[in-house]
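As the structure is a computational prediction, the values presented were derived from the model and not from experiment. Residue numbering restarts at 1 for every chain, and letters A, B, ... go by the order of the sequence lines.
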There are 2 protein chains.
Amino acid sequence: MASKDRILRLKEETRCNILDASLKIVKEGGWDALSMRKIADEIEYTAPIIYEYYSNKGAILLELTRKGFLLLAKDLEAAKSKHRLPAKQLEAMWLAYWNFAFAEKELYQVMYGVETTCCEMAKKMPESELPMDLIWDVMVELMTPIMAPHVPTEDEVCIKYYTFWSVIHGLISINMVNRGSSAETNHEVLKTAISGIIRSITG
Amino acid sequence: MASKDRILRLKEETRCNILDASLKIVKEGGWDALSMRKIADEIEYTAPIIYEYYSNKGAILLELTRKGFLLLAKDLEAAKSKHRLPAKQLEAMWLAYWNFAFAEKELYQVMYGVETTCCEMAKKMPESELPMDLIWDVMVELMTPIMAPHVPTEDEVCIKYYTFWSVIHGLISINMVNRGSSAETNHEVLKTAISGIIRSITG
DNA sequence: GTCATTTACTTAACAGTGTTAGATAATTTA
DNA sequence: TAAATTATCTAACACTGTTAAGTAAATGAC
């Protein structure tokens, strides 16, 4: 029954190919260009086949966001591991977050609903794999020592965390929509914001 | 030739009706529900008629964003006029910005490309009516005295302004996508962020 | 008032979308 | 080899934005 395994492996492969094809199409022609028939073309099948791997187009987008968050989490972990001091780690992580958004622009877009449909989608995500919940724990762990000697309540940490997140995400999305100001200015804003918040957190 | 005037007035009215109908449809069924045929239905015409008022669907969205920014600008002006101290004015304006985003959720979405298509659109906007350029002047005027006695360079003001904007917009969009945390927490974040930045600006 | 012209509006169609049902070809099982 | 299962495709449905051609109504000139 080794053939069963081979078939299962092939199925897993086309499942993956569908995602790859989708991302390729989006990278080439934007989110509007993404259609079931084009995906099918790319993987050399006809459209209905896709529905044996994903229940609908939304499921594909959902899987792409899942993939995106996994990648982001990996990047953040890597950034953290490059430093020892919590403050430095935090700074490196948010910088990595920023870099990810532009390196994987299309993924970031689907992750944070730069599209209405995705917006609805994000709300349908199972609690356990919510966007930033994965990273939340790590961040909180970092922020608490930074705020020492003051021992923050959970609420305090929460507020600081959301502020942090907002600054970065806001900067990114304004940059994407509003074609932002110069790259230098942007990086300046980013650094100012990060160090400013870290300073405001430091006890 | 008074009939000419009446006809022109009627035309202007249906032009407006198209926008109203669009907004109504979006408010009832989300951005996905918006279609030319549904708009036509709403204004009791057939679809092709719309193309005599707007060259395509994108033009309708563009006009909606324009309308949105005008409304926002009015709200901000009103908020400012309620205070005398620059710091208080600035705070009130950003609070008004926040309130607008949720009171006119659909407009805010089309304004800041919570949709890919809109994203592209925003880039096509004529320089003169760029999203925040209208408000820019007012903000800068406010920030300079706050930063006194230090006389900031244009770059410094720019960076502070962008930081401000990012915090608020980031908070809003994270809230919209990620169904945010509790309303109290959010308001806390908002106030913390606003007062924090104002404090960091104050010379 | 009649006729020609313009304007207002509709119907029909094209090419595309997501999605489903039914037919067909290929493979595996008995 | 025959039956049953699986893989795949074709055709269709109900939409989408958009355009071209046709029809009815209002307006103009004589």
*Whole angstrom is fine here: how far is it from CG in A:Leu8 over to P in D:dT6?*
13 Å
*How many Å lie between CD1 on A:Ile39 and C1' on C:dG18, as a whole number?*
11 Å
*Does D:dC15 have OP1 or OP2 sitting under 4.0 Å from an N or O in the side chain of B:Lys38?*
no
*How many Å lie between OH on B:Tyr54 and C1' on D:dT18, as a whole number?*
18 Å
*Whole Å only: how far is the CD1 atom of A:Ile49 from the P atom of C:dA26?*
14 Å
*Atom CD of A:Glu44 and atom P of D:dA7: how far apart are they, to the nearest Å?*
19 Å
*Is a donor-acceptor contact shorter than 3.5 angstrom present between the side chain of A:Arg37 and the base of C:dG16?*
no
*Can you check the B:Lys57 NZ to D:dG17 C1' distance for me, whole Å?*
8 Å
_A quick test of your reading: do over 12 heavy atoms of other residues, nucleotides or ligands sit less than 6.0 Å from NZ of B:Lys24?_
no
*Would you tell me if any nitrogen or oxygen in the side chain of A:Lys11 comes within less than 4.0 Å of OP1 or OP2 on D:dA7?*
yes
*With side chains defined as the heavy atoms from C-beta onward, is the minimum distance between B:Glu52 and B:Tyr45 less than 4.5 Å?*
no
_Using the side-chain heavy atoms of A:Pro48, tell me which of these nucleotides is nearest: C:dC9, C:dA21, C:dA12._
C:dA21
_On DNA chain C, does the nearest nucleotide to A:Ala47 precede the nearest nucleotide to B:Thr46 from the 5' side, or the other way round? Give the residue._
B:Thr46
*Which is true for B:Tyr51 with a 4.0 Å heavy-atom rule: it touches a base, it touches only sugar-phosphate, or it touches nothing?*
base
*Give the minimum heavy-atom separation between A:Ile43 and A:Ala21, together with the two atoms involved.*
CG2-CB, 3.9 Å
*Could you give the distance from CD1 (B:Ile50) to CG (B:Asn56), rounded to the nearest 0.5 Å?*
11.5 Å
*Roughly, in whole Å, what's the span from CD1 in B:Ile60 to P in D:dT18?*
8 Å
*B:Ala33 backbone acceptor or donor facing B:Lys38 side chain under 3.5 Å*: yes
*Starting at atom CE of A:Met36, determine the distance to atom P of D:dA11, rounded to an integer number of angstrom.*
20 Å
*B:Leu34 near the nucleic acid: base, sugar-phosphate alone, or nothing, with a heavy-atom cut-off under 4.0 Å?*
sugar-phosphate
*Looking at every strand, decide which applies to A:Ser35 at a 4.0 Å heavy-atom threshold: base, sugar-phosphate, or nothing.*
sugar-phosphate
